[in-house]
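For reference, the structure discussed in these notes is given below.
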Amino acid sequence: MRPHVCFGDRLDHPKWSSASVSAGKTGPELSSDELAASLADKLASTTGRPKPDITCPEDLAGKVGAETRCTLTAGDGSTLGVSATVTSVDGEQIHYDFEADETASPAPN
């Protein structure tokens, strides 16, 4: 079963609400690649800009309070942290909030 990703319709910069469905081996989880892709899709659709380059170091477990930190890398090489935190789980559906840092780190020289 391929994971299906959907989002809530609330946008309060820099925090967004979203939900995702994923089937994990020991419980629901959202793979790091799927999380990065869903964050990139949401940011692109809300800003009207191309999908940003986002990487997430680990899967997001379907357990309330579980969190992970992802990195958005801009075209100029600057980076922005994005935190994702699980707010609730309903069966295989994971609800999470994500929040972007307010300030970017400059590109390495």
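- Under the 3.5 Å distance criterion, with hydrogens and angles disregarded, a donor-acceptor pair is assigned to the side chains of S38 and Y96.
- Shortest non-hydrogen contact noted between L39 and C56 is CD1-SG, 4.2 Å.
- Under 3.5 Å, the side chains of E58 and S32 contain no donor-acceptor pair of N or O atoms.
- Shortest non-hydrogen contact noted between L80 and A100 is CD2-CB, 4.0 Å.
- Closest heavy-atom contact between P108 and G77: CD-O, 3.9 Å.
- L72 contributes atom CG, which lies 8.5 Å from atom OG1 of T79 (distance to the nearest 0.5 angstrom).
- In this structure, E29 CD and E92 CD are separated by 10.0 Å, a value rounded to the nearest 0.5 Å.
- The one candidate from T68, V82, I94 that meets the side chain to side chain contact (heavy atoms under 4.5 Å, CB included) condition with L35 is T68.
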Using the side-chain contact (heavy atoms from CB on, under 4.5 Å) rule, take L43 and I54 through it: C-alpha gap first, then chi angles, then the decisive distance, then the call.
CA-CA 10 Å; L43 289 169; I54 297 180; 3.6 Å; yes

Verdict with supporting geometry, S78 and D76, side chain to side chain donor-acceptor pair (under 3.5 Å):
CA-CA 6 Å; S78 62; D76 66 358; 2.7 Å; yes

Which is it for T73 and T55 under the side-chain contact (heavy atoms from CB on, under 4.5 Å) test, yes or no, and what are the steps along the way?
CA-CA 8 Å; T73 303; T55 55; 5.6 Å; no

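- Of all heavy-atom pairs spanning V89 and P28, the tightest one is CG1-CG, 3.8 Å.
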Stepwise side-chain contact (heavy atoms from CB on, under 4.5 Å) check, Q93 with H95:
CA-CA 7 Å; Q93 188 166 17; H95 300 273; 3.7 Å; yes

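- Between D41 and K51, the closest side-chain pair of non-hydrogen atoms falls below 4.5 Å.
- Annotation for R69 and P57: closest pair O-CD, 2.9 Å, computed over non-hydrogen atoms.
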